[in-house]
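Okay, structure first, notes after.
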Amino acid sequence: MTPGACSPLLDAMIEAVCLVDPKTLRIVAANQVLASLVGLPRDDFMGKPVVELTGSPEDLFFWEDVAAGLADHILSESLLRSSDGVAIPVERKVSRVWLTPTEPVFLVGLGDLRRQHHVEEQLENRMSELRATLESTGDGILVVNMTGAVRHYNRRFVELWNIPPDAMQANADVQLFAHLRACIKDERSYQDRLDAIAADPEMECTDVLLLRSGRMLERVTLPQISRSRVVGRVYSFRDLTERLDAQKRIEALAYTDVLTGLPNRLLLGQRVAVALRTAQRNGSTFALLFVDLDRFKNINDSLGHAFGDRVLIEAAARIQQALREVDTLCRVGGDEFIAFLQEADPIGAEIVARRILEKLAQPFVLDTVNFSLGCSIGVAMYPADGRTLDTLIQCADTAMFRVKERGRGNFRFYQPQMNVDLLSRVKMDHAMRLAMDHGLFRLHYQPQISLLDGSLLGVEALIRWRDAELGNVSPATFIPLAEESGFIINIGNWVMAEAVRQAMVWQVVGRPVIVSVNVSALQFQQGDFVERVAGAIREAGLDPTLLELELTESILIKDIHETLTRLHALAALGISLAIDDFGTGYSSLAYLKKFPISKLKIDRAFVMGLPEDEGDRAIVGATIAMARALKMAVVAEGVETDAQRDYLQGLQCEAFQGFLCSPGLAAQEFEALYATLPMGLSAT
């Protein structure tokens with residue numbers, strides 16, 4: 001049979017085949033399957049060297065051996081060259097066959113492996129995804145077949161059970177399961193459960209396993225199903241120990257203060273809720289102490305927040321020492337603490353409050369730094385002061401605030417009037433701010449009269465406020481509130497601008513008068529205070545000599561060097577400076593002579609008793625003598641009687657102001673009085 005005669009036989013085969021001449025190693029016949037696989041016409045294969053089809057090194061060596069008579073068959077994978085240059089993976093089998101007893105040929109069969117390789121690649125990808133999934137989960141995974149042989153596991157499974165390497169080797173399943181069983185605290189129950197699971201292939205269950213190491217594992221077992229039948233079982237293990245520890249940590253964060261470790265307000269609320277239910281049944285009482293550290297801000301500002309945190313920890317420990325074991329101390333924020341005293345009456349609450357004061361009054365020593373702290377305490381009693389935690393805290397806080405107002409370092413029980421006063425302050429603060437927005441503030445002007453000739457030397461600008469609901473509100477009432485809230489800065493800026501404006505009006509009409517403006521300590525301490533004064537004078541076009549600033553002694557004793565610099569800057573503008581309410585503060589005479597002060601104003605408290613009161617006579621006389629020695633003018637405030645005026649005149653006091661001449665007057669009313677008074681030299 002000739003190779004050509006084999007064509008029908010070759011075409012009947014389902015794989016690509018060709019016949020190769022053993023002498024020339026050229027193709028002598030090929031079927032259509034091969035032609036389609038390579039992408040060439042069938043006739044193009046005739047006489048083509050076989051090495052051009054599969055040119056791998058293995059093929060080259062094989063056909064060289066064939067030519068040398070050393071080989072007659074081969075079976076392995078190779079690459080087939082297609083017409084477009086793409087290498088097609090094939091399984092190549094070469095066999096020597098005899099068409100006639102004397103004419104051997106080589107039959108080359110080529111199986112297309114592309115589909116198989118694609119399936120294998122997909123399978124490998126899925127296996128890779130499975131391995132990644134198993135390793136990415138936080139649970140330990142063990143997969144077994146129906147006979148219990150291990151099929152898969154992940155590293156987390158090995159970690160949870162602390163499995164030795166030799167138990168994870170192939171064919172070491174018996175050793176692995178023996179290790180698992182040995183780790184269980186109750187081996188019998190563990191084995192009984194496994195037997196029950198094995199007896200029911202479709203069982204789904206969850207168990208908790210307690211290990212000898214103290215760990216607690218949750219085991220979830222599910223059947224592995226393929227084509228609607230159970231082929232194995234998947235066990236997943238989760239460490240409940242870590243979850244319980246995490247839960248404890250979360251609860252600790254939720255119910256305790258991070259810095260001090262004390263209970264926080266949430267935990268306090270739970271404990272007070274229990275006490276409230278108990279108290280409602282048996283009629284018992286308990287107390288809440290609101291403890292606020294005194295001057296703690298100074299610690300943070302001077303030594304840093306890290307040091308301040310250590311102080312808070314030490315303070316918390318000291319307060320805790322003053323309480324009973326049944327009591328609860330909680331930190332509610334910053335330097336504020338609340339002590340909950342179970343079944344305590346007012347006497348017991350007072351005893352604890354005094355213990356806390358005593359503990360915190362003792363010197364602190366941290367990093368060789370010695371300092372004192374102290375605290376203020378407000379006390380609220382259940383049920384007298386409130387029947388809810390929020391109400392009791394509010395009352396205790398109000399009482400503590402009252403202690404702060406009266407000098408700190410003490411304790412006080414809540415009284416209902418405190419809330420009334422506090423609400424009144426809140427309403428007044430709101431009304432005061434609305435008054436500024438709606439232009440309800442006014443300035444009145446009180447004359448300063450010369451004791452030498454009765455002439456007008458100047459006026460003091462006095463703020464007035466009439467509210468539709470509150471009526472006429474005294475400055476003695478709203479000014480301290482404004483200073484406490486910081487709103488005094490807004491009020492002071494308005495007073496300065498309005499006084500300068502009015503002084504400019506009088507300057508323009510040819511009746512200039514020196515206007516004195518009171519300056520608060522907080523206003524004076526603003527970094528731009530000098531610039532504001534200069535700006536007000538410049539914008540109005542006022543002669544600076546017509547403006548006088550009255551400063552209290554409390555301003556002068558804070559940061560002496562900065563105060564001195566600021567006072568000289570003000571004096572350089574051309575305005576004059578006076579000390580108001582002299583004698584009520586703590587001025588240092590050594591510094592007083594350095595200040596560019598031109599006037600002292602004697603407080604009305606020392607004028608009221610003149611001339612009868614011996615002490616007032618001594619103080620006023622000494623003040624006037626000292627002022628004359630320092631070349632300062634003196635103005636006596638609050639002069640209401642002729643006797644007071646005459647006595648001051650006898651001491652050679654320069655001027656006075658008070659009801660004896662006139663109260664504070666609105667601008668138009670003052671102008672009417674102005675016209676009746678002679679002008680003093682200092683006002684021209």
Side-chain angles (χ1 to χ4, degrees), residues 116-255:
Q116 178 182 334
H117 282 186
H118 178 67
V119 172
E120 290 175 350
E121 183 179 359
Q122 286 187 319
L123 180 60
E124 179 61 30
N125 288 339
R126 290 179 181 177
M127 291 299 296
S128 176
E129 291 172 359
L130 175 60
R131 286 193 295 270
T133 301
L134 288 177
E135 295 301 340
S136 64
T137 180
D139 296 341
I141 303 296
L142 173 66
V143 182
V144 299
N145 61 17
M146 291 302 296
T147 64
V150 175
R151 297 297 304 276
H152 302 289
Y153 61 87
N154 64 359
R155 284 193 295 269
R156 183 58 175 160
F157 168 71
V158 176
E159 294 171 357
L160 286 176
W161 289 91
N162 195 24
I163 301 174
D166 56 347
M168 300 309 301
Q169 301 296 325
N171 302 319
D173 294 353
V174 174
Q175 186 176 353
L176 170 62
F177 292 125
H179 172 80
L180 299 183
R181 188 166 50 253
C183 291
I184 298 295
K185 192 169 185 179
D186 187 352
E187 294 186 34
R188 178 179 292 276
S189 298
Y190 171 77
Q191 188 60 50
D192 290 344
R193 187 60 169 165
L194 287 182
D195 293 342
I197 293 173
D200 184 358
E202 296 184 357
M203 178 184 290
E204 298 181 7
C205 61
T206 300
D207 301 293
V208 176
L209 308 177
L210 182 59
L211 306 189
R212 295 183 186 276
S213 63
R215 283 190 174 222
M216 186 178 294
L217 302 183
E218 178 186 57
R219 180 185 64 193
V220 177
T221 176
L222 297 172
Q224 184 183 12
I225 299 175
S226 177
R227 297 182 178 180
S228 301
R229 67 187 184 90
V230 179
V231 297
R233 184 162 292 280
V234 179
Y235 295 96
S236 65
F237 300 91
R238 180 169 298 177
D239 191 346
L240 295 183
T241 309
E242 295 180 356
R243 182 193 299 179
L244 293 175
D245 290 343
Q247 185 174 352
K248 290 179 181 178
R249 289 194 295 271
I250 293 173
E251 289 179 353
L253 292 174
Y255 291 103

Is there a side chain to side chain contact (heavy atoms under 4.5 Å, CB included) between L211 and K185 once you walk through the steps?
-> CA-CA 5 Å; L211 306 189; K185 192 169 185 179; over 6 Å; no
* Can E120 and Q116 be counted as having a side-chain donor-acceptor contact under 3.5 angstrom? -> yes
The reported gap from NE2 in H152 to CG in N145 (rounded to nearest 0.5 angstrom) is 10.0 Å
Could you check V231 against I225 for side chain to side chain contact (heavy atoms under 4.5 Å, CB included), going step by step and ending with a plain yes or no?
CA-CA 6 Å; V231 297; I225 299 175; over 6 Å; no
Between the CD1 atom in I163 and the CG atom in L176, the distance rounded to the nearest 0.5 Å is 5.0 Å
### Message
Checking side-chain polar atoms at under 3.5 Å, does R233 have a donor or acceptor matched by the opposite partner on T221?
### Response
yes
Q) Tell me, do I184 and L209 make a side-chain contact under 4.5 Å, heavy atoms counted? A) yes
- Item | Close side-chain approach of E218 to S236, heavy-atom, < 4.5 Å | no
Check: I197 and R219 side chains under 4.5 Å, non-hydrogen atoms | yes
Query raised in the report: Stepwise, does the side chain to side chain contact (heavy atoms under 4.5 Å, CB included) test hold for L180 with Y190?
Result: CA-CA 10 Å; L180 299 183; Y190 171 77; 3.8 Å; yes
From the list M146, E204, M203, side-chain contact (heavy atoms from CB on, under 4.5 Å) with P223 holds only for E204
- Aromatic rings Y235 and F237: how do their planes relate, parallel, tilted or perpendicular, breaks at 30° and 60°? parallel
Between the OG atom in S189 and the CG atom in D207, the distance rounded to the nearest 0.5 Å is 10.5 Å
Exercise. Answer yes when E202 and R229 have at least one side-chain N-carboxylate O distance shorter than 4.0 Å, and no when they do not.
Key: no
Closest non-hydrogen atoms of D173 and V150, given as atom of the first, atom of the second and distance, are OD2-N, 3.0 Å
Check your understanding: Are Y153 and V158 close enough that some pair of their side-chain heavy atoms sits under 4.5 Å apart?
Key -> yes
Mark yes when over 12 heavy atoms from residues, nucleotides or ligands other than R212 sit less than 6.0 Å from its CZ; otherwise mark no. yes
query = Side chains of L210 and D186: does their closest heavy-atom pair fall under 4.5 Å?
reply = no
**Request:** Please check if the side chain of H179 supplies one atom and the backbone of V174 the other of a donor-acceptor pair under 3.5 Å.
**Result:** no
Quick one: are R151 and V144 in side-chain contact, heavy atoms under 4.5 Å? no
* Take L142 and F157, measure what side chain to side chain contact (heavy atoms under 4.5 Å, CB included) needs, and give me the verdict at the end. => CA-CA 7 Å; L142 173 66; F157 168 71; 3.9 Å; yes
Closest non-hydrogen contact found for G148 with F177 is O-CE1, 3.3 Å
Do NZ/NE/NH1/NH2 and the carboxylate oxygens of D139 and R156 come within less than 4.0 Å?
no
In short, L160 meets R215 closest at the heavy-atom pair CD2-NH1, 3.5 Å
